[in-house]
Number of protein chains: 2
Amino acid sequence: MDFAPIDRVYRDCVNENVPNVTVQRLPVYLSCLESLGTERERVSSEELATLAGVTPAKIRKDLSYLGTFGVRGVGYDIEHLRFQIRVVLGLEEEWPVVIVGVGNLGRALANYGGFQEHGFDVVGLFDADPAKVGTEYDGMLIRSLDELGPTIHESGATIGIITTPASAAQATAQALADAGIKSILNFAPVVIKPPGDVDIRRVDLSTELQVLSFYLHRRGVDVE
Amino acid sequence: MDFAPIDRVYRDCVNENVPNVTVQRLPVYLSCLESLGTERERVSSEELATLAGVTPAKIRKDLSYLGTFGVRGVGYDIEHLRFQIRVVLGLEEEWPVVIVGVGNLGRALANYGGFQEHGFDVVGLFDADPAKVGTEYDGMLIRSLDELGPTIHESGATIGIITTPASAAQATAQALADAGIKSILNFAPVVIKPPGDVDIRRVDLSTELQVLSFYLHRRGVDVE
DNA sequence: ACATGTGAAGCGCTTCACAGCG
DNA sequence: CGCTGTGAAGCGCTTCACATGT
C-alpha cells in the first residue's frame, strides 16, 4: 500500500464524518472536473453545480466536509480539486480487481475507460466456461475459477466484480469470499446473500430504467 | 448507487407523494420478490427486509405510499405485491427503447435479462461504425444513425440508451433529442449537457467502485 | 396472537443567508 | 467587490411504537 497520499489526506482534511450522500456525489464531481480539461485553471461552485446537476450550496457544503480547497472570491483550482477528490476517494492508490464472468458485460468492464482512469487495475479475468478458459481478451488470459485463490493472493486483489449470469452469482460470491475477497460489486440481476463478512454492493443496470419508467408512467397518468 | 442528480430532474414530476428514495428502492424489492419464486405464497416485511438489506419498517413505510397491499397479522401475498409494484413502476406497460453504440456494453444491455423481464423492448440498435451497420446482433439489425428518426417514429420509442464511447456521447444525445426522444439513459463515462428539455440519467459503472474505494481506503486508515 | 399500517419523534441532509477572506 | 465556507433553519426521510385489523 502507498501511504503518502493517506498522510496528505489527514494533513488538510476534516474527514471525520463525510455523509454517505456526499461520498456518492464525489465521483460525479470528479467526472465533471475531468470534463473541464486542462486548459482552464479555475471553476466556481456555481459552474460546477450546473455541470453536476446540483445546487452551488451543495457543492460547497460537500467539499467543506473534505477540507478547504477553494479560494474565497476566486473559486476552485481545477487541477488541485481534482487531485484532492481523488485522494479522498482513495483513487490515488492502485486497486487490483478481478472480474468473474467474461460475457459482454465482463468484457465491457474489463476495458472500461472509467476503471483504469481511476486506479482500478483488472488483474484477473475468470469464467466457468471451459471454452473460454485459456483464451485471451484484450491481452488478458481468461482463467478457470480454480485459479481464483492463487491469483487473488498473488495480486493482492481486494475487490471482486461479478458479471456472471444471475444463476451463478451466489456461488461466485462464495468462491470470491473463500479466496479472500472482502468487497464485491455484483452486476448480476439478482440479490446475493453475503457470505461471511463480505461487503456486497449491487449494481442493477435495469434499476435506472425502472426508475425512469416510474416517472414517465406517472407523468402520463397525471396528464389524463 | 446511485443516487445521483435524480432530484433535480424529477423533482416537479412527483405529484403523488412517493418519495424519490422509495422509488429507487422499489426495483430492489421487486427483484427480491422475483427471487422468491412461485412456490411460496406469503412473505413478511421482516423477511423481505433481510433480503433487500433494509429495515422492516422501511419496507412497510415504502409500501404504504403505494397502497395497502398486506394483510395484518399475516404478511404480503408475494404474487400480488410483485404485480402491484410492477404496476406502480409502470412495468406492466411496454417501453420500446433504442440503444446507440453496439460495443460490449451495448450488446450486454441488448440481451440483458432484466430488460425484457421488466417490459423494456429493444426496438433498435444503432452504431456509427460503417463496418457494424448492416450486420446483426442477437437477431437484430444494426442500423446507421441516419435511421434514428424513422425508427423512433415508427416504434414509438421514448427512451434512448447511450453506450457509445465518451467522445461520441454528447453528439448522440443531440441526435436522440432531434429524433424525438425525451428520456435518455447515459452509460458513457462523461457528463452530457441536456439538449433541450430531455431528461438525462447517468449510470456510471465506475461510480460504485469509487464509493467502494472510499470506504476501503478509510477503513485501512482507521485500522492504523 | 401476530404482522401490518401509521402518526409522531428523531435524525440527517439540504438550503439559506451571511460572515469571512482574498 | 466576488465567491467560498459555514452556522442555523428548514425539510424530508427514517425509525419508533403502538393502534389496527384479521
Side-chain angles (χ1 to χ4, degrees), chain A residues 12-26 28-29 33 36 40-78 80-82 84-85 88 211, chain B residues 1-26 28-29 33 36 40-78 80-81 84-85 88 211:
Chain A
D12 47 9
C13 181
V14 186
N15 213 358
E16 296 157 5
N17 233 347
V18 183
N20 283 309
V21 282
T22 295
V23 174
Q24 288 167 340
R25 277 191 296 265
L26 291 180
V28 179
Y29 299 163
L33 289 170
L36 286 174
R40 305 185 32 201
E41 199 172 313
R42 293 194 301 257
V43 68
S44 67
S45 62
E46 177 132 5
E47 194 180 354
L48 193 53
T50 305
L51 287 171
V54 299
T55 63
K58 202 177 269 184
I59 295 269
R60 296 200 298 275
K61 196 65 160 181
D62 280 342
L63 295 181
S64 78
Y65 291 120
L66 315 178
T68 303
F69 303 140
V71 178
R72 292 172 196 234
V74 176
Y76 300 91
D77 180 276
I78 295 176
H80 178 64
L81 185 54
R82 188 156 34 185
Q84 290 293 353
I85 292 180
V88 170
V211 173
Chain B
M1 241 149 306
D2 339 321
F3 306 88
I6 177 179
D7 313 285
R8 174 189 57 120
V9 179
Y10 296 110
R11 186 165 36 213
D12 31 22
C13 295
V14 185
N15 301 331
E16 295 278 329
N17 221 2
V18 184
N20 282 312
V21 283
T22 296
V23 174
Q24 290 169 334
R25 277 191 297 265
L26 291 180
V28 178
Y29 300 163
L33 289 170
L36 286 174
R40 305 185 32 200
E41 199 172 314
R42 293 196 299 258
V43 67
S44 67
S45 62
E46 178 134 2
E47 194 180 354
L48 192 52
T50 304
L51 286 172
V54 299
T55 63
K58 201 177 270 183
I59 295 269
R60 296 202 298 277
K61 195 66 160 179
D62 280 343
L63 295 181
S64 79
Y65 291 120
L66 315 178
T68 303
F69 304 139
V71 179
R72 294 174 196 235
V74 177
Y76 300 91
D77 180 276
I78 296 175
H80 178 63
L81 185 54
Q84 291 293 352
I85 293 181
V88 170
V211 173

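Owing to the predicted nature of the structure, the values given are computational and were not obtained by experimental measurement. Lettering of chains follows the sequences in order, A, B, ..., and the numbering in each one begins at 1.
At whole-Å resolution of the value, CD1 in A/I78 and C1' in D/dT4 are 16 Å apart. Taking atom CG on A/N20 and atom C1' on C/dC11, their separation rounds to 14 Å, with Å as the unit. Atom CD in A/E47 sits about 11 Å away from atom P in D/dC3, given to the nearest Å. Atom-to-atom, CZ of B/R25 to C1' of D/dT14 comes out at 8 Å; the value is rounded to the nearest Å. B/I59 places its CD1 atom 15 Å from the P atom of D/dC16, with the value rounded to the nearest Å. Counting to the nearest Å, the P atom of D/dT4 and the NZ atom of A/K58 are 17 Å from each other.
B/L63 CG to B/K61 NZ: the interatomic distance, rounded to the nearest 0.5 Å, is 12.0 Å. Distance check, rounded to the nearest 0.5 Å: CZ of B/R40 to CZ of B/R42 gives 9.5 Å. The distance from atom OG of A/S45 to atom CG of A/L81, rounded to the nearest 0.5 Å, is 11.0 Å.
Contact check for A/Y29 versus A/I85: side-chain heavy atoms found under the 4.5 Å cut-off. Looking at B/Y76 and B/R60, their side chains come closer than 4.5 Å, going by heavy atoms from C-beta outward.
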Distance-only donor-acceptor pairs under 3.5 Å for side chains of residues 49-58 of chain B, two or more places apart:
{"unit_1": "B/T50", "atom_1": "OG1", "unit_2": "B/E46", "atom_2": "O", "d": "3.0"}
{"unit_1": "B/T55", "atom_1": "OG1", "unit_2": "B/K58", "atom_2": "N", "d": "3.3"}

Where protein sits on nucleotides 2-10 of chain C, one letter per nucleotide: B base, S sugar-phosphate only, - none, heavy atoms under 4.0 Å: BBBBBBB--
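A/T22 comes within 4.0 angstrom of no nucleic acid atom, judged by non-hydrogen atoms across all strands.
End-to-end axis angle for the helix from C/dA1-D/dT22 to C/dG22-D/dC1, using five pairs per end and rounding to 10°, comes out at 10°.
Between A/I78 and A/L33, the closest heavy-atom pair is CG2-O, 4.1 Å.
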Worked verdict on B/V88 versus B/V18 for side chain to side chain contact (heavy atoms under 4.5 Å, CB included): CA-CA 10 Å; B/V88 170; B/V18 184; 5.8 Å; no
